[in-house]
Amino acid sequence: MTRTLLVDGNSLLNTGFHGIKNMYNGTDHIGGLYHFLNALRKHIDGYLITKIVVFWDGEENTHPRLKLYPDYKLNRRLKKKSEDDLQSYAKQQLRIQEYLEELYVRQSTFKLCEADDCIAYYCEKSQEEEIIILTSDRDLLQLISNNVSLHIISLNKLFKSGDKVPLNGVYIPSNNVRVVKTICGDSSDNIDGIKMVGIKSLVKIKPELLEEKVTLDDIIKTIKLKDKITNKEKNIIEGITKKEQKNESTLEINYNIIGVGKQFLTKEAIKGIKDLSKKAIDPEGRHWKNALDLMMSDGILNILPKKDDAWVDFVRPFLRLTRIEKDFYKNKKDE
């Protein structure tokens, strides 16, 4: 069975870009670049990966959700970034994409589409693959299934089907992540939750959340069957948010925008993801030596341990991936 590493490209780049601030090649920051490549090579070996697919956030990627929820990710949009940081980030992203082309790593980006939704649709259409998602976005915990596991970068930990997953200090089944975020909100995406209701309060209302799958309807029914409804429970029923806004559609809206998948993808993206999962990579013009030239130019070789074969150790996992993809291309061509 194909073992695929699905990478949330911007999430992985952000980790290195912001986490490794003092790594430079001359005046050029390369922390994001080095961390990205090093993470891929480690996971190729660690999880015996035979295919890698990287999805990047597309231009105007928040547009579909903004139509449903105008404040979506407003906190990020208002956060000012220096022109130097913007240019450095863009430069490192483009450079990573050059490396990936040479190293037989599949990648794609689609206008108006978030990487999360691309990853979710890929999982849906690739049931025959064993998939490991690499991200720091805990929204994607909802995708865990029999053939999909998730490695959270910030925790350096893999979560698979049957595992309880961490959400705001509480461990719950992965198929309850969407419901909990729907009611409690998601501060990272600026999604306003129900007033006075955090995850611990919600667990007191519906303790089953800790052990089994629970739907929004299950929670609403539990509340309505009570003889006495608390203020917190009333807020859930009436859709009263932390901003004191009252809307009976609050839960429906939150549930929709927290969900990931085809519903937020363009026709171009849907077709592109299907093609990406099935088509072989054409080896024409690609070679690991081109990646080595990039490593020399970017100063990556200067960072590696001081021994003669350090660069060999660094690229070896990619060479194994390259052989697998070349064989796949040859077999496809011979069909």
Side-chain angles (χ1 to χ4, degrees), residues 5-47 49-59 81-110 115 134-136 153 276 280-329:
L5 185 68
L6 278 189
V7 183
D8 183 347
N10 294 93
S11 181
L12 183 55
L13 175 55
N14 286 337
T15 302
F17 183 80
H18 297 293
I20 307 178
K21 295 181 178 180
N22 298 320
M23 185 176 287
Y24 283 83
N25 178 39
T27 59
D28 293 330
H29 179 236
I30 58 170
L33 170 60
Y34 172 76
H35 179 267
F36 197 105
L37 297 174
N38 196 41
L40 289 192
R41 60 175 291 276
K42 285 182 176 180
H43 291 307
I44 291 172
D45 275 354
Y47 293 129
I49 296 300
T50 57
K51 180 200 285 187
I52 301 180
V53 183
V54 177
F55 285 108
W56 302 94
D57 288 332
E59 182 183 349
K81 297 179 180 177
S82 72
E83 189 61 31
D84 286 346
D85 275 356
L86 290 172
Q87 289 182 5
S88 178
Y89 186 94
K91 183 176 180 179
Q92 290 185 65
Q93 181 176 347
L94 286 172
R95 196 60 158 177
I96 289 167
Q97 290 168 349
E98 288 184 53
Y99 277 92
L100 300 187
E101 288 298 314
E102 300 297 344
L103 296 170
Y104 287 76
V105 173
R106 299 156 190 264
Q107 60 180 325
S108 200
T109 179
F110 303 99
L134 182 62
T135 184
S136 282
I153 298 168
L276 192 68
I281 297 176
D282 189 343
E284 182 67 29
R286 291 185 170 90
H287 202 286
W288 65 268
K289 289 183 179 178
N290 296 335
L292 184 60
D293 289 340
L294 293 175
M295 288 173 62
M296 293 177 64
S297 176
D298 294 331
I300 299 294
L301 295 184
N302 297 330
I303 300 168
L304 302 181
K306 304 300 180 184
K307 58 180 183 176
D308 292 340
D309 59 351
W311 66 271
V312 177
D313 291 339
F314 192 87
V315 301
R316 184 179 286 114
F318 293 110
L319 297 183
R320 184 169 65 81
L321 185 70
T322 294
R323 288 193 294 271
I324 292 169
E325 288 288 3
K326 281 184 175 180
D327 288 343
F328 181 63
Y329 177 83

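Predicted model, so just to flag it, every value in this text is computed and none were measured.
Side-chain atoms of Asn10 never come within 3.5 Å of backbone atoms of Trp56 as a donor-acceptor pair (strictly under, hydrogens ignored). The closest donor-acceptor contact from the side chain of Arg316 to the backbone of Arg41 lies at 3.5 Å or more, if one exists at all.
Counting only heavy atoms from C-beta outward, the side chains of Ile96 and Gln107 never approach each other to under 4.5 Å. At a threshold of 4.5 Å between non-hydrogen side-chain atoms, the residues Ile281 and Arg106 count as touching. Taking the side chain as every heavy atom from C-beta outward, Val54 and Phe36 approach each other to under 4.5 Å. In this structure the side chain of Glu102 never reaches within 4.5 angstrom of the side chain of Asp293, judged on heavy atoms. The shortest distance between side-chain heavy atoms of Leu134 and Ile153 falls below 4.5 Å. Taking the side chain as every heavy atom from C-beta outward, Lys91 and His29 never approach each other to under 4.5 Å. Two residues are said to be in side-chain contact when any heavy atoms from C-beta on lie closer than 4.5 Å; Leu40 and Leu12 meet this criterion. Val7 is not listed as a side-chain neighbour of His43, based on a closest heavy-atom distance of 4.5 Å or more.
Between the OG atom of Ser297 and the CZ atom of Arg95 there is a distance of 5.0 Å, given to the nearest 0.5 Å. Expressed to the nearest 0.5 Å, how far OG of Ser108 lies from CZ of Phe55 amounts to 6.5 Å. Between the CG atom of Leu37 and the OH atom of Tyr99 there is a distance of 6.0 Å, given to the nearest 0.5 Å. For the atom pair Asn302 CG and Met295 CE, the distance stands at 10.0 Å (nearest 0.5 Å). Annotation: the span from Gln93 atom CD to Asn14 atom CG amounts to 9.0 Å, rounded to 0.5 Å. Between the CD1 atom in Ile300 and the CG atom in Leu294 there is a gap of 10.0 Å [rounded to 0.5 Å].
Taking the six-membered ring for Trp and the full ring otherwise, the centers of His35 and Phe17 sit at least 6.0 Å from each other.
Scanning both residues, Thr15 and Ser136, for their nearest heavy atoms gives OG1-OG, 4.0 Å. Heavy atoms only, all atoms of each residue included: Leu276 and Val53 are closest at CD2-CG1, 3.4 Å. Of all heavy-atom pairs between Ser11 and Thr135, the closest is OG-OG1, 3.7 Å. Contact record, Ile44 with Pro317: CG2-O, 3.7 Å, taken as the closest heavy-atom pair. Thr109 approaches Gly58 most closely through the heavy-atom pair OG1-CA, 3.2 Å.
The aromatic rings of Trp288 and Trp311 sit parallel to each other, their planes meeting at less than 30°, with 60° as the upper class boundary. Ring pair Phe318/Phe314 is tilted by interplanar angle, where 30° to 60° counts as tilted.
With Thr322 as the partner, the side chain to side chain contact (heavy atoms under 4.5 Å, CB included) test is satisfied by one option alone out of Lys326, Glu325, Arg320: Lys326.
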Inset, instruction - For side-chain contact (heavy atoms from CB on, under 4.5 Å), just list the numbers for Lys51 and Phe328, CA-CA rounded to whole Å, side-chain angles, deciding distance to a tenth of an Å, and then say yes or no. - result: CA-CA 10 Å; Lys51 180 200 285 187; Phe328 181 63; over 6 Å; no
